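Keep in mind that what you see is a predicted model, and the values were worked out from it rather than measured.
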Amino acid sequence: MRVKMQENCTGFTEGAGLLPDGLNAAVGETVMFTTTLTPTEKPFQSVSWSFNFSKPIIVINSQETIGPEYKGRITFFPSTASLELRSLTLDDTGPYSVSIMHDGIIPSGQTTLVIYEKVSNVLVTSSSTDLVEFSGSVSLSCSASGSSLSFLWLNGSSEVTASDRVQLTDGGSNLTIINVTRFDQGPFRCRVSNPVSTVTSDPVNLSISYGPENINLILSPPQEYFAVGSDISLSCSVGSRPPAQFTWLLNGDELSDTEELRLMNVTMSNSGNYSCQAFNSKTLRSQTSQPSTITVLEKISGSSVKPSTNLTVEGTSVSLTCEASGSVFTRNWMKDGSDLTPTDNMTLSDNNRVLTFHTVKRKDEGEYFCNISNPVSSHGDKYIMTVNYGPENVQIKGPDKIIIKGALKLTCSAESAPTARFTWFLNGTKILTNSVEYIKEGVELSDSGNYICQAWNNITERTSSSVVHGLTVTEKSSGLSAGAIAGIVIACLVLVAAAVGGGYFFYKKKGPLKKSTTGGQGTAASSNQELNYADVRFFPKRNDGRVQMGVQSESSNYAQVQANSRAPAASSLPTYDAHMHRVTRPAPQPDPNAAETYAQVRVR
C-alpha cells in the first residue's frame, strides 16, 4: 500500500510543512514521503534523507549515496526530493527527516512513520451457547492478531455498549451478559481494527430458552355449544423455545399429550371444561391455558303440546303441557301466530313448560304454538283449543196464534259449542227430542198451550233454563156468499142498535163519517170502543160453487157499527184506512184459476 500525503505549497519555503505530520503503513507495504515542493527544472544542490535523525537513507550531492539497509527498497524523485520506501517492517517505525540545499537556501522537514501489523485471525469464543432466559449469564471473548488492536461488539447490526447487564473488559475484547434474555441470542460479532486494517469475526449465536408464555387455546369451530355427533378440534399456541410439550385436560383430568386434540362424533359425555398445559423441558417451566367450555347437546325433536283434557269447557281449568326430546333450554309460546301475552286467567310455570288457564273463556280459543329450542336446534308443535260452552240465550221463534188444521213450525236456537240438542215440551209433556224445529201439520185445538224448548250440551253437560212460548189454536172461519154477508151485517146492525138504543152508521170505503144533525149526541160510538168491520170482496168468476180468495187491490165494501150510551162527534171515529194502518196483516191471495165471488168477514 502506498501512503501519500501532500500539502499544496508554491515556491520554496524555509521547510515549514515540508513533510506530512505523520504516516501510517502496514508491514510489507510501501510508503511515500512526498514533499510539498513544486517540481523544479534545475536540480537541487544537495538532498539528504535520514532515519531516526542519524541513520542516512540517501544522500545526493555531487554523487548519490544509499544506506546499505535501504538498497533496493527506496526510490528518489529528484524534481521534488520525495522518497518512496518499500517492504516495510516494524523496524521502519520512527522519525524521518530531509534536508535540501538550493541556491544557498537550506529547507528541512521531518515526519514520523508508524508501521502496523495488519489485523488477522479474529475469533469469538463463548462460555456457553445454550442458556435459559433470566437465569443464566454468558461471556464472549474476542482474539485477533495484529498490532494496536481495538475491539467493537455487534449484536446483529447494533453496537453493544456497556450497561447494568452488559460488561466490556480487557480493552473491550471480553463481553459479559448477565441474566440473558431472548433478545441476547445474537448473532454476535467482534470487529477488530487498527489504523491500517479492520477485520470482523464470524457470527456466534446463543440459544436462549424461554417460556412457555402467552398460552392460548383455540377451539374450532369457535363455539360453546355443539350438537351430538359433531367433530371438534382443539389446538394450543404458546411462546416457547424450544417448542413446548402439551398435555390436554378435561375438568382437570389428563387426556392426551398432543399439540392438537380432535374430538370426533361427540356425545354428551364429551361436555366439560377443556384446557391445555404447555411444558418446556429446558426452562422446566409450564403454563396452563384458561379453560374452554364445551357443551354437547341433543337436538330438539318430538315436540308436543298436550292438554290436560281433550274437552275444554268454559269456566273450568285446563293446562297445556309442552314437551320434547333433547336438551331443552327455552320454551316460547305463541297464540294465533303472535307472541303469547298471559292474561289474568293464565299462568306459565315450570320454565314455561305448562300453560294453565285457571278459568278458561271462549275468547281463549285459538291455535297455541310452543317452540322448544337450545343453541343447536329448535322444534315446535301446536294445539288448537276449542272452548265448549253453553247452552245459553235460548230463544223460540214461531207464531203465537194459528188456525186449526194449519201447519205449525217452531224453531229453537241457543248459543252453544258444540251445537246444543233440543227437547220440546207441551204443557209439561215431552213431545220431541234432538230437533231444532218442532213441526206439526194440521194442528188441533188441543195443540194450544205452552211450548217449552230445553237445550242440552253433551260436552259441557249443561242444560239451559226452559223457554216458554205460548200458542193459541183458533177455529177456522167458513166462507159465505155476498148475500149472506150482507144479511149478517144487517142482522148485526139491528141487534147492536136494539141492544144499545143507539143509531147506526154505514161506512163506504174511503168515505168519511157524516156528522150527526143533533149536534153530536145520540148513537155515535165512544172513541175507546173496539170497531167491528165487515170486509166483503167479490170475484167475477165461480168454479163449482167453491169460494176463491181475491186480491187486495180489488174494491171492498165495509160496514162499520159502533155502540155506546154516549157517542162522540162523528169526526172522532177512526176510518177503516186508519184502522188498517194500525193493524197490518197480509192480503189474501187468489187462486189464479178462480172465477168465483166470495165474501170475507173480518172481526176486530
Side-chain angles (χ1 to χ4, degrees), residues 1-122 144-151 171 191-199:
M1 181 180 78
R2 293 176 177 267
V3 178
K4 180 179 180 181
M5 300 184 66
Q6 179 176 352
E7 297 181 6
N8 292 328
C9 181
T10 59
F12 190 73
T13 66
E14 295 295 329
L18 188 62
L19 294 175
D21 291 337
L23 297 173
N24 297 321
V27 173
E29 293 184 346
T30 298
V31 65
M32 183 71 177
F33 297 97
T34 302
T35 68
T36 58
L37 297 177
T38 301
T40 63
E41 296 180 359
K42 184 179 179 180
F44 297 114
Q45 294 176 350
S46 66
V47 176
S48 175
W49 279 93
S50 62
F51 172 65
N52 205 15
F53 303 111
S54 60
K55 189 176 182 179
I57 299 174
I58 184 171
V59 176
I60 298 175
N61 42 32
S62 58
Q63 61 181 8
E64 180 181 283
T65 303
I66 299 175
E69 295 181 5
Y70 297 101
K71 288 182 180 182
R73 294 179 59 208
I74 65 170
T75 298
F76 178 72
F77 298 91
S79 62
T80 58
S82 299
L83 179 68
E84 180 185 79
L85 178 60
R86 298 182 293 275
S87 302
L88 297 173
T89 67
L90 294 176
D91 294 335
D92 291 325
T93 297
Y96 288 79
S97 60
V98 61
S99 296
I100 302 171
M101 178 179 288
H102 186 67
D103 294 336
I105 300 173
I106 305 176
S108 62
Q110 67 178 29
T111 188
T112 299
L113 174 64
V114 180
I115 306 300
Y116 295 94
E117 188 177 357
K118 284 185 176 182
V119 177
S120 61
N121 302 322
V122 179
S145 299
S147 57
S148 300
L149 303 177
S150 62
F151 299 88
R191 180 172 292 172
V192 183
S193 62
N194 61 20
V196 295
S197 63
T198 299
V199 177

Please find the pair of heavy atoms, one from [X] and one from [Y], that lie closest to each other, and give the distance.
X      : Y      : answer
Ile106 : Met101 : CD1-CE, 3.2 Å
Val196 : Ala25  : CG1-C, 3.8 Å
Leu88  : Ala26  : CB-O, 3.8 Å
Ser197 : Val119 : OG-N, 2.7 Å
Phe51  : Asp91  : CZ-O, 3.7 Å
Ala81  : Ile100 : CB-CD1, 3.5 Å

Distance check, rounded to the nearest 0.5 Å: [X] atom [atom1] versus [Y] atom [atom2]?
X     : Y      : atom1 : atom2 : answer
Asp92 : Ser87  : CG    : OG    : 9.0 Å
Met32 : Leu83  : CE    : CG    : 7.5 Å
Thr36 : Leu18  : OG1   : CG    : 4.5 Å
Thr93 : Asn52  : OG1   : CG    : 11.0 Å
Ile60 : Ser46  : CD1   : OG    : 9.5 Å
Leu19 : Ser108 : CG    : OG    : 9.0 Å

Run the side-chain contact (heavy atoms from CB on, under 4.5 Å) test on Ile115 and Thr89 for me, step by step, so that the C-alpha distance in whole Å, both residues' side-chain angles and the decisive distance to 0.1 Å come before the verdict. CA-CA 7 Å; Ile115 306 300; Thr89 67; 5.9 Å; no
Under 3.5 Å, side chain of [X] to main-chain N/O of [Y], donor-acceptor pair present?
X      : Y      : value
Asn194 : Ser148 : no
Thr80  : Leu37  : no
Thr198 : Ser193 : no

Around atom CZ of Arg73, are there more than 12 heavy atoms from other residues, nucleotides or ligands closer than 6.0 Å? yes
In terms of relative ring orientation, are Phe44 and His102 parallel, tilted or perpendicular, with 30° and 60° separating the classes? perpendicular
Under the criterion side-chain contact (heavy atoms from CB on, under 4.5 Å), I'd like the reasoning laid out for Ile58 against Tyr70: C-alpha separation, chi angles, the key distance, then a yes or no. CA-CA 8 Å; Ile58 184 171; Tyr70 297 101; over 6 Å; no
Passing candidate, ring pair (Phe, Tyr, Trp, His ring centres under 6.0 Å) with Tyr96, options Phe53, Phe33, Trp49: Phe33
Carefully, step by step, assess Val27 and Lys118 under the rule side-chain contact (heavy atoms from CB on, under 4.5 Å). CA-CA 7 Å; Val27 173; Lys118 284 185 176 182; over 6 Å; no
Under 3.5 Å, is there a donor on one side chain and an acceptor on the other for Ser97 and Ser50? yes
Taking atom types as modelled, is there a side-chain donor on Ser145 or Asn121 under 3.5 Å from an acceptor on the other? yes
Less than 4.5 Å apart, side chain to side chain, heavy atoms only: is that true for Ile74 and Ile57? yes
Under 4.5 Å between any side-chain heavy atoms of Gln110 and Pro95, yes or no? no
Stepwise side-chain contact (heavy atoms from CB on, under 4.5 Å) test for Arg86 and Thr75: CA-CA 9 Å; Arg86 298 182 293 275; Thr75 298; 2.6 Å; yes
